[in-house]
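Just so you know, residue 1 is the first one in the sequence shown, and it goes up from there. Both ligands and their constituent atoms are indexed starting at 1 by order of listing.
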Amino acid sequence: MSLTLAQKIIKNHLTLGEMTPGSDIGLKIDQTLTQDATGTMAYLEFEAMGVPKVKTELSVAYIDHNTLQTGFENADDHRFIRSAARRFGLRFSKPGNGICHQVHLERFAVPGKTLIGSDSHTPTCGGMGMLAIGAGGLDVAVAMGGGAYHIPMPKMIRVNLTGRLRDFVTAKDVILKVLQILTVKGGVGKIVEYAGEGVKTLSVPERATITNMGAELGATTSIFPSDEITREFLKAQGRAGDYTPLSGDPDAVYDGEYTVDLSALRPLAACPHSPDNVKPVSELAGMQINQVCIGSCTNSSLADMLKVAAILKGNAVAPWVDLTVSPGSMQVLHMLSAGGALADMIAAGARVLECACGPCIGMGQSPCSDGVSLRTFNRNFEGRSGTADAGVYLVSPETAAASALAGVFTDPTVLPPISIDLPEQFTVNDRMIEQPPNRPVDIVRGPNIKPFPKSEPLPETLEAEVVLKVGDNITTDHIMPAGAKILPYRSNIPYLSQFCFGATDPEFSGRCKQKGGGIIIAGENYGQGSSREHAALVPLYLGIKAVIAKSFARIHRANLINAGILPLTFANPEDYEKAKRDERFLLHHIARLIKTGEAIKLLHMSGEFSIPLVNGFSERERRILLAGGLLNYTRENAD
Ligand code: MIC
Ligand code: SF4
């Protein structure tokens, strides 16, 4: 039978289930990655599972998010993660070595292998023909312990690329175009495969920009074929031996097909406050701007940075604009510096930041009040920058650099042509990646690390009040905000709990504490965005028993199940109107119904009406929910 590229990799890694869309499949995981904001929890969970060493081919613990050390908390977490990496047999990438996805692409990604990472942008490595999926920390911990990773078998979407990008039109514009077509929920339950003649005109880092922002489509992952371009990239990284050619069968059947003509694209921008609110840059041209931030796991490769340097060279950043540049990895920064491009950026007035997520996760560089900030990043959710009323526009590095010079939104296609020289050989220096020692190591824990909340097996009947009602496209940034003030407490759930839904409803946390929790009612695509399992663990701590929504984003739905919170959907979306704030409801015989798969009803306490809900859980999900979460379930059944 003909198979798509992703289906081939899935078939080679299938431990359980059928490859029919929607059915639960188990995948053997070859590699894992964690970053520090999700890693502390993942290693606490791994430790609680009692497995002595990781069982994957390769697992890497990165420090890239919480690099601002304004108190002991982040430094303690770094030390804890390093000690856990050394104890359990992982490589440890030190702060300053770079953003997990950029470093993983350069140093570890291998075509045809599976990777899960406790970060939603893990699909970046799909740019190298890898099946790379973002997951909650607990799923990553289970995979490190040798357990399979479970997902519903995705549908397959093919995006045919034709033509070739014009000067100053970039991979970022390609993915913004796809976001305009498919929207932030268009990819849910799907894998997006790129194919067609246009593929061979794109370098591996350009492909990675596109697969990175597949996360914003809500897609399970995105993937490019592995071809001669991939081989050249691996060779330049000194890893020619990791190359395998891979592509989908020409007659493979897809569930949907789209075509993007690269030659017809123009520079695009995602306007506030959603990555799919896309407009041509030419329509925004002339708008006054305050800040430009270049970097993030989407656009921080050497080629991106060299293009920025070439545009800045010999020019000056507008006096009213703040330009920051964060190279994606130590390799990129080193090569920029050795080749002189860094000097061109500095001379133009750029503020050079360390190789880390930085402004992308609100670790500094919050814009001024009401500010307009152009960023080469992947998310522009309201308030994520740290300034509630700032407007963040997502653009390519070329648009960002051209606009920084002009001080207004600028279409870079008006610039004189530039050319950059990419080296045949990258400078490889893995000194900031530590190998685990061959002797027992103690885990070092600081006072900021608190135990994670316990979940109980599902009770026979649940009675609860609606403590919050929200609309469509609620992000995990709404549920559990990040930023420099809160991120240091990612390993301290009790402390974090006071910020839950802080910007949406500042009373939420107090109300839950007073009422002993309750249920949340939500619209479409609840929990889109970041993979942070804190958006499930904190509600668990606050006593949330169920979230009833019109639909869920994939990773967050899995995180809720893993935490033992019921993610239920309305059988009729109009019933969303009937479930009101502060009213009490009953879920009668919920444990029995979850077990048998029979229809579930949300009964109003008055007994006057009930709302039918979908009982759409896989067998494994049912067992996890009954056990009160994945940790309990894993302890009960070694998978
Ligand atoms: C993000 O981009 O939102 C993050 C920070 O990288 C998150 C992970 C986290 O919240 O720790 C993600 O994308 O999963
Ligand atoms: Fe870091 Fe931003 Fe990428 Fe998340 S999206 S991994 S915060 S650079």
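The residue from S530, S274, S120 that alone fulfils the side-chain hydrogen bond (donor to acceptor under 3.5 Å, both in side chains) condition with R379 is S120. S329 pairs in a side-chain hydrogen bond (donor to acceptor under 3.5 Å, both in side chains) with only one of the listed residues (Q102, H101, E106), which is E106.
Those atoms of ligand 1 with a heavy atom of H65 less than 4.0 angstrom away are 4 (C), 5 (C), 6 (O). Less than 4.0 angstrom separates some heavy atom of C360 from each of these atoms of ligand 2: 2 (Fe), 5 (S), 7 (S), 8 (S). When each atom of ligand 1 is checked for a heavy atom of T38 under 4.0 Å away, the hits are 9 (C), 11 (O). When each atom of ligand 2 is checked for a heavy atom of N378 under 4.0 Å away, the hits are 5 (S). Interface of H101 with ligand 2, defined as ligand atoms under 4.0 Å from a residue heavy atom, comprises 6 (S). Per-residue contacts place R384 under 4.0 angstrom from the following atoms of ligand 1 (heavy atoms of the residue considered): 1 (C), 2 (O), 3 (O). Near A37, meaning under 4.0 Å from any of its heavy atoms, are these atoms of ligand 1: 11 (O). Taking a cut-off of under 4.0 Å to the non-hydrogen atoms of S530, the atoms of ligand 1 that pass are 3 (O), 7 (C), 8 (C), 9 (C), 10 (O), 12 (C), 13 (O), 14 (O). Counting atoms of ligand 2 from 1 in the listed order, those under 4.0 Å from a heavy atom of C297 are 3 (Fe), 5 (S), 6 (S), 8 (S). With ligand atoms numbered from 1 in the order given, ligand 2 contributes 5 (S) to contacts under 4.0 Å with heavy atoms of H121. In summary, the atoms of ligand 2 found under 4.0 Å from a heavy atom of I361, numbered by their order in the structure, are 7 (S). Less than 4.0 angstrom separates some heavy atom of D119 from each of these atoms of ligand 1: 4 (C), 6 (O), 7 (C), 8 (C), 12 (C), 13 (O), 14 (O).
In the model, H334 has no side-chain atom that pairs as donor or acceptor with a side-chain atom of N429 under 3.5 Å. No side-chain donor from either of Q31 and T56 sits under 3.5 Å from a side-chain acceptor of the other. Side-chain contact annotation: T32 with S59, donor-acceptor N/O pair under 3.5 Å present. One side chain, D30 or H13, offers a donor N or O that lies under 3.5 Å from an acceptor on the other. Side-chain polar atoms of N378 and N212 form a donor-acceptor pair below 3.5 angstrom.
Counting heavy atoms closer than 4.0 Å to ligand 1, residue E533 contributes nothing at all. Only the side chain of D119 comes within contact range of ligand 2, with a heavy atom under 4.0 Å; no backbone atom does. At a heavy-atom distance under 4.0 Å, no atom of T298 approaches ligand 2. Under 4.0 Å from ligand 1, the heavy atoms of I361 that appear belong solely to its side chain.
Side-chain rings of F88 and Y43 stay apart, their centers remaining 6.0 Å or farther from each other.
The nearest protein atom to atom 10 (O) of ligand 1, hydrogens excluded, is given as R532 NE, 2.6 Å; this is a heavy-atom distance. Looking only at protein heavy atoms, the nearest one to atom 4 (Fe) of ligand 2 is H65 NE2, 3.8 Å.
Residue D477 has no nitrogen or oxygen atom sitting less than 3.5 Å from a nitrogen or oxygen atom of ligand 1, judged on distance alone. In terms of polar-atom proximity, defined here as any N/O pair under 3.5 Å, S120 does make such a contact with ligand 1. Close N/O approach between S118 and ligand 1 is not found [any backbone or side-chain N/O within under 3.5 Å].
Taking a 4.0 Å cut-off on heavy atoms, Q35 fails to register as neighbouring ligand 2. At least one heavy atom of R379 sits less than 4.0 Å from an atom of ligand 1. Distances shorter than 4.0 angstrom do not occur between any heavy atom of H534 and any atom of ligand 1.
Around atom NZ of K94, no more than 12 heavy atoms belonging to other residues, nucleotides or ligands sit under 6.0 Å away.
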Discussion item. Applying side chain to side chain contact (heavy atoms under 4.5 Å, CB included) to V392 and R384, what does each step give before you reach the verdict?
Written reply: CA-CA 9 Å; V392 174; R384 181 176 160 104; over 6 Å; no

Practice prompt. Go through the steps for T211 and I223 under the test side chain to side chain contact (heavy atoms under 4.5 Å, CB included), then give the verdict.
Written response: CA-CA 6 Å; T211 57; I223 190 165; 5.6 Å; no

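Of the possible polar contacts, one joining the H478 side chain to the T475 backbone as a donor-acceptor pair under 3.5 Å is found. Of the possible polar contacts, one joining the T122 side chain to the D119 backbone as a donor-acceptor pair under 3.5 Å is found.
For atom 3 (Fe) of ligand 2, the N/O/S atoms of C100 include none lying under 2.8 Å. At a cut-off of 2.8 Å, C357 is not counted among the residues with an N, O or S atom near atom 2 (Fe) of ligand 2.
Between the OG1 atom of T170 and the CG atom of N299 there is a distance of 6.5 Å, given to the nearest 0.5 Å.
Under the 30°/60° scheme for interplanar angles, the aromatic rings of Y393 and F409 are found to stand perpendicular.
Of the candidates H101, R490, H121, R490 brings a heavy atom nearest to atom 11 (O) of ligand 1.
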